[in-house]
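Everything on this sheet refers to the single structure shown next.
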Amino acid sequence: MHYFVAFDGTRLSEEAVRRVRSMAHATDDITVATAIPDGDEEFARERGWLAEDEPFEMETVVNSAREEAMSLASAAEFDALRVGHHAPSGAIGSRLRRLVRDIDPEVVVVGSENAGHQMDAVGSVASSVIGGDSYDVLVVRHVRE
């Protein structure tokens with residue numbers, strides 16, 4: 001089985017990776033993917049992918065995101081998608097959905113605080129990624145303590 005996890009460094013996306021790791025068998029594939037807005041220092045710093053005094057360099061941010069994802073699921077494949085700093089609403093979700101179509105997983109996993117409420121909220125990456133009908137979807141709503 002192939003799992004795809006949308007990862008943005010938030011607690012819910014970290015929990016999504018943990019859940020997939022706990023469900024997956026040794027022979028299963030896991031792809032963890034993130035979209036990083038180019039030059040968005042605030043985005044990278046909020047996630048701990050860039051130190052306070054560090055200038056934004058995409059390679060540094062991608063490496064930090066990869067390290068964090070791999071610390072959660074060391075056998076996973078990691079993909080980082082670059083999007084424009086001021087990408088229009090829905091751009092990140094669209095890029096992730098294209099990647100999902102390309103890798104064709106059986107299960108897509110996202111973390112979303114809005115699950116069961118309003119998944120199609122403006123700017124929601126989850127609604128864009130889970131919109132396909134060729135895969136099952138697991139929405140993580142709570143972080144297990």
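Closest approach of G111 and A16 over heavy atoms only: N-CB, 4.3 Å. When every heavy atom of T34 is checked against every heavy atom of F78, the shortest pair comes out as CG2-CZ, 3.5 Å. Residues A6 and V110 share a closest heavy-atom pair of CB-CG1, 3.8 Å. The nearest pair of heavy atoms linking D8 to S13 is OD1-OG, 3.0 Å. Heavy atoms only, all atoms of each residue included: Y135 and V107 are closest at CB-N, 4.4 Å.
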Could you list the donor-acceptor pairs under 3.5 angstrom formed by side chains in residues 68-76, with sequence neighbours left out?
from, atom 1, to, atom 2, distance (Å)
E68, OE1, W49, NE1, 2.6
S71, OG, E68, O, 2.6

All N/O donor-acceptor pairs, side-chain side in residues 50-63, below 3.5 Å, sequence neighbours left out:
from, atom 1, to, atom 2, distance (Å)
E54, OE1, A51, N, 2.8
N63, OD1, R66, NH1, 3.1
N63, ND2, E59, O, 3.2

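Evaluation of the side-chain contact (heavy atoms from CB on, under 4.5 Å) rule for A33 yields F4, D79, L96, L99 as partners, not counting sequence neighbours. Taking H2 as the reference, D29, T31, I103, P105, E106 meet the side-chain contact (heavy atoms from CB on, under 4.5 Å) condition, with sequence neighbours excluded. Looking at residues two or more places apart in sequence or on another chain, you find no side-chain hydrogen bond (donor to acceptor under 3.5 Å, both in side chains) involving E46. With sequence neighbours left out, E15 forms a side-chain hydrogen bond (donor to acceptor under 3.5 Å, both in side chains) with R18, R19. Residues forming a salt bridge (charged side-chain N to carboxylate O under 4.0 Å, His left out) with R82 (at least two apart in sequence, or on another chain): D38. R98 meets the side-chain hydrogen bond (donor to acceptor under 3.5 Å, both in side chains) test with no other residue; sequence neighbours excluded. With sequence neighbours excluded, the residues that form a side-chain contact (heavy atoms from CB on, under 4.5 Å) with D40 are P37, E42, F43, H85. Partners of H25 according to the side-chain contact (heavy atoms from CB on, under 4.5 Å) rule, which considers only residues two or more places apart in sequence or in another chain, are T27, D28. With sequence neighbours excluded, the residues forming a side-chain hydrogen bond (donor to acceptor under 3.5 Å, both in side chains) with R11 are E145, listed by chain and number.
Interatomic distance, S64 OG to E67 CD, rounded to the nearest 0.5 Å: 5.5 Å.
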